[in-house]
Student: 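So that we are looking at the same thing, I have put the structure below in structure tokens.
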Amino acid sequence: MSAPRQSRERAEQLRRQIEHHNHCYYVLDAPEIEDAQYDRLLRELESLERDYPALATPDSPTRRVGGAPLAQFSAVRHRLPMLSLGNAFSEGDVVAFDRRVREAAGATEVAYSAEPKFDGLAISLRYEDGAFVQGATRGDGATGEDVSANLRTVRAIPMRLRAALRGSFEVRGEVLMYRTDFAALNERQRAAGEKVFANPRNAAAGSLRQLDPRVTARRALRFCAYGVGFTGDARLPRTQVQLLDRLAELGLPVARERRLVRGVAGLLAYYRELAESRPGLPFDIDGAVYKVNDFDLQEQLGFVARAPRFALAHKFPAQEAVTEILDITVQVGRTGALTPAARLAPVFVGGVTVASATLHNEDEIRRKDLWRGDRVVVRRAGDVIPEVVRVDKPGPRRAADRFRMPACCPVCGSPVVRLEGEAVARCTGGFACAAQRKEALLHFAQRRAMDIEGLGEKLVDQLVERAMVDSPADLYRLTIEDLQSLERMAQKSSRNLLDAIAASRGRPLGRFIFALGIPGVGEEVAKVLARHFGTVEAFLEADWGALAERKLELARENAARKRRGQRLEARIMEGIGPELSDSLAKFLGAAHNREVIQALAAAARPADDASAVAKGALGGKVFVITGTLPALTRDQARELIERHGGRVTGSVSSNTDFVVAGTEPGSKLDRAREIGVRILDEDGLRELLGQAR
DNA sequence: GATCCTCGAGTTCC
DNA sequence: CTCGAGGATC
């Protein structure tokens with residue numbers, strides 16, 4: 001039965017009123033009615049929607065009480081990456097930032113938008129045709145988690161923008177919790193015997209990551225917008241200050257403390273004022289954010305790595321606390337590195353209780369002159385990693401209190417060496433060291449490597465200690481009986497782990513190479529290697545000496561071409577220089593290592609790298625062959641290109657990507673020069689295919 | 001040879 | 001997140 005007109009109109013009216021009051025409360029910070037009145041409106045709407053479910057629109061404020069719990073969050077790829085900002089910790093850093101901007105702008109004074117830096121969680125909201133459809137956490141900047149259901153419960157986030165914006169419109173901002181709401185929440189948690197949060201930021205993070213949105217709905221989260229992501233063809237202002245005003249007009253909460261300032265003097269004055277007003281603000285901030293106001297200038301400045309050159313986060317000095325070094329212990333890492341860590345008397349600093357801090361290496365300890373029993377100043381560097389800043393007051397300093405790097409590995413007893421010119425001391429036990437075997441396994445299983453879910457520290461400890469697993473290859477031989485003999489591993493957990501191990505078969509070659517844990521080979525280098533070689537076999541058979549030579553040749557060639565103003569040739573394995581080549585050659589030169597990798601590859605069966613083999617560096621690229629090639633017949637060349645995913649055609653056009661030219665080329669070569677198509681010789685082709693000769 | 005940038009490695013707490 | 005070192009560039 002459809003709802004009577006009267007009810008329909010009333011529901012619509014209520015929705016408008018409620019959103020209006022949300023706006024007054026959360027955006028304008030100027031409520032017009034009492035909370036009780038607001039609740040009455042909401043309850044009336046709820047009851048109407050109960051009677052006539054057809055009235056319950058997807059953007060209804062009643063939805064804000066939270067829907068059904070989720071099993072897990074799904075991943076959301078950000079249409080535009082969510083970047084992080086460069087940090088400034090001193091006025092000098094800010095002066096340098098302003099100087100770089102002015103130099104690039106060719107101006108004597110630049111206008112900036114200055115805003116508070118909220119201590120919350122960055123999120124991205126997507127509106128379609130003005131209606132909220134999805135919200136995601138920042139994640140790693142490229143991919144975040146879909147927390148839409150939780151964000152719907154955040155009343156400061158409008159479900160509908162106050163303008164008919166067609167298409168996609170992404171808003172970027174921060175989810176946070178007011179200090180008073182945080183205190184009240186902890187009060188409730190304590191009363192209910194549940195865990196209390198260390199600070200508002202953690203409370204906000206914990207609330208946003210709830211799988212049950214009804215819990216989030218009770219958590220009084222706020223939101224503040226500070227920018228946009230993908231905005232389609234929405235017509236927007238061309239300065240940051242005006243953009244923020246526009247976001248406010250659209251019904252989004254925007255920091256009141258935002259301001260347009262001029263020059264470095266303006267930035268620093270803003271910073272000081274903000275620092276002064278900080279204690280009186282209802283929420284935590286950890287600094288100021290400066291953005292070049294003019295978007296054209298922003299674009300001109302561009303990006304360095306993952307951070308924009310046109311913006312800066314000016315952090316407040318980290319909070320410091322004083323505590324005592326109870327002991328200095330040593331940990332053994334995957335590469336055998338012995339890392340000293342200070343065990344501290346627990347101390348509350350920067351929102352959490354810190355009990356230990358890394359001391360990096362021996363030199364660092366000497367530089368800071370740290371002894372067991374010293375009273376030291378501790379802070380959380382960059383708000384995360386605890387750091388021992390300096391000695392506050394020396395302890396008794398008996399001879400035994402001085403730190404000495406052990407001569408033998410505390411885990412396996414092998415000799416410890418510190419190579420000339422290196423900062424770290426290493427255990428020489430290698431594979432014989434249980435600590436290194438454990439770390440190697442954890443590295444192998446970690447998410448960015450083979451991603452074996454559930455294989456964590458506790459489990460690896462047991463597997464290694466009981467000698468059930470020595471190397472990663474052994475993982476693939478585990479049986480359910482093996483696993484069930486372990487602590488806390490009954491039928492179900494064992495099954496899950498076996499499934500997870502099985503699921504790690506067929507991972508991309510790049511991950512596999514990364515998972516091997518070869519010194520100096522991280523995620524990026526592993527990817528480069530995978531793209532270059534395509535298969536485990538090719539990787540194992542590589543002739544590193546020849547490669548190094550070709551790299552040198554190519555570098556010389558490129559230098560020569562550059563002098564002549566010609567286009568540079570593609571490079572071979574960018575990012576892999578002499579050091580890495582040597583280290584790889586040595587590692588893969590050892591028969592033992594090659595055998596282990598072969599056995600592991602047979603068990604884990606990594607997938608050949610598509611960009612080198614199937615699609616090729618050539619994925620769909622169009623080739624034309626002309627002239628006689630030194631080693632290949634035309635048919636062989638065609639076959640080679642096609643096997644790597646390229647196409648070979650007969651005539652040169654604007655669609656042609658490469659012309660492969662041999663001796664006595666025809667008119668096709670002239671035509672290629674004319675249109676500016678890239679020309680390769682046979683060697684160039686092989687390079688493209690990632691093949692050594 | 002100097003300088004800037006990127007990547008790897010180690011790390012803390014919830 | 002930070003530090004150090006390798007790699008690229010001028």
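Scope of the values below: all heavy atoms of this structure, side chains included, with no hydrogens, waters or symmetry mates. First the proteins, then the strands, lettered A, B, ... as listed; each starts at 1.
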Student: Does anything in residues 405-414 of chain A come within less than 4.0 Å of DNA chain B? Heavy atoms only, and list the residues if so.
Tutor: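 None - not one residue of the stretch has a heavy atom sitting under 4.0 Å from the strand.
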Student: Would you say A:T329 and A:R343 make side-chain contact, with heavy atoms under 4.5 Å?
Tutor: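 A:T329 vs A:R343: side chains touch.
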Student: Between atom CG in A:N361 and atom P in C:dC3, what is the gap in whole Å?
Tutor: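 From A:N361 CG to C:dC3 P: 12 Å.
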Student: Does a side-chain N or O of A:T339 approach OP1 or OP2 of B:dA9 to a distance below 4.0 Å, or not?
Tutor: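 So the side chain of A:T339 is outside the cut-off, no N or O lying under 4.0 Å from OP1 or OP2 of B:dA9.
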Student: In this structure, how many angstroms lie between the P atom of B:dG10 and the CD atom of A:E364, rounded?
Tutor: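 From A:E364 CD to B:dG10 P: 16 Å.
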Student: Name the nucleic acid region contacted by A:V354, choosing base, sugar-phosphate or nothing; use a 4.0 angstrom heavy-atom cut-off, strictly under.
Tutor: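 Here A:V354 touches the backbone only, sparing every base.
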Student: From C:dT2, B:dC13, B:dG10, pick the nucleotide closest to the side chain of A:S356?
Tutor: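 The listed nucleotide nearest to A:S356's side chain is B:dC13.
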Student: For the residue pair A:Y271 and A:F316, categorise the inter-ring angle as parallel (less than 30°), tilted (30 to 60°) or perpendicular (more than 60°).
Tutor: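 Geometry flag for A:F316 against A:Y271: tilted rings.
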Student: Nearest whole Å is fine: how far is B:dT11 C1' from A:L359 CG?
Tutor: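 Distance, rounded to whole Å: 11 Å.
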Student: When you measure from the side chain of A:E524, which nucleotide among C:dG4, B:dC7, B:dT12 comes out closest?
Tutor: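 For the A:E524 side chain, the nearest candidate turns out to be B:dC7.
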Student: Take atom CG of A:L344 and atom C1' of B:dC13, then tell me their distance rounded to the nearest Å.
Tutor: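 Taking atom C1' of B:dC13 as the reference, CG of A:L344 is at 13 Å.
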Student: From the set B:dC5, B:dT11, B:dC14, return the single nucleotide nearest to any side-chain atom of A:R309.
Tutor: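 The answer is B:dC5, which lies nearest to the side chain.
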Student: Given B:dA9, C:dG7, B:dC14, identify the nucleotide with an atom nearest to the side chain of A:L580.
Tutor: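 Selected nucleotide (nearest to the side chain): C:dG7.
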Student: Taking atom P of C:dC1 as reference, at what distance in whole Å does atom CG of A:D119 sit?
Tutor: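 Distance check: A:D119 CG to C:dC1 P gives 12 Å.
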Student: Which whole-number value in Å describes the distance from A:F89 CZ to C:dT2 C1'?
Tutor: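 Value for this atom pair: 10 Å.
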Student: Can you work out whether A:A355 or A:G336 has the more 5'-proximal nearest nucleotide on DNA chain B?
Tutor: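 Taking each residue's closest nucleotide, the earlier one in sequence belongs to A:G336.
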Student: Report the relative orientation of the aromatic rings in A:F283 and A:F118; use parallel for angles under 30°, tilted for 30 to 60°, perpendicular for over 60°.
Tutor: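 Rings of A:F283 and A:F118: tilted, 30 to 60°.
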Student: Measure CD1/A:I576 against P/C:dG6 and give the value in whole Å, please.
Tutor: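 So the CD1-P distance, A:I576 to C:dG6, works out to 15 Å.
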Student: Between A:D374 and A:V376, is there a donor-acceptor pair closer than 3.5 Å when you use the side chain of the first and the backbone of the second?
Tutor: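 No, the answer is negative, given that no donor and acceptor are paired below the 3.5 Å cut-off.
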Student: Please check if the distance between the ring centroids of A:F514 and A:H443 is under 6.0 Å.
Tutor: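 A:F514 vs A:H443: aromatic centres under 6.0 Å.
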Student: State whether A:T353 places a side-chain N or O below 4.0 Å from either non-bridging phosphate oxygen (OP1 or OP2) of B:dT12.
Tutor: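 No, because none of the side-chain N or O atoms of A:T353 sits under 4.0 Å from OP1 or OP2 of B:dT12.
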Student: Base, sugar-phosphate or nothing for A:A205? Non-hydrogen atoms, less than 4.0 Å.
Tutor: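 Contact class for A:A205: none.
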Student: State which of C:dG4, B:dC14, B:dT11 makes the closest approach to the side chain of A:Q331.
Tutor: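 Per side-chain heavy atoms of A:Q331, the pick is B:dT11.
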Student: Rounded to the nearest Å, what distance is computed from the CD atom of residue A:E579 to the P atom of nucleotide B:dT6?
Tutor: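 Result: 20 Å.
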Student: Could you tell me whether the side chain of A:H78 and the main chain of A:T137 form a donor-acceptor pair under 3.5 Å?
Tutor: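 Yes; judged by distance alone, with no hydrogens or angles, the pair exists.
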Student: Residues in salt bridge (Lys or Arg N to Asp or Glu O under 4.0 Å) with A:R188, at least two apart?
Tutor: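 Per chain and number, A:R188 pairs via salt bridge (Lys or Arg N to Asp or Glu O under 4.0 Å) with no residue.
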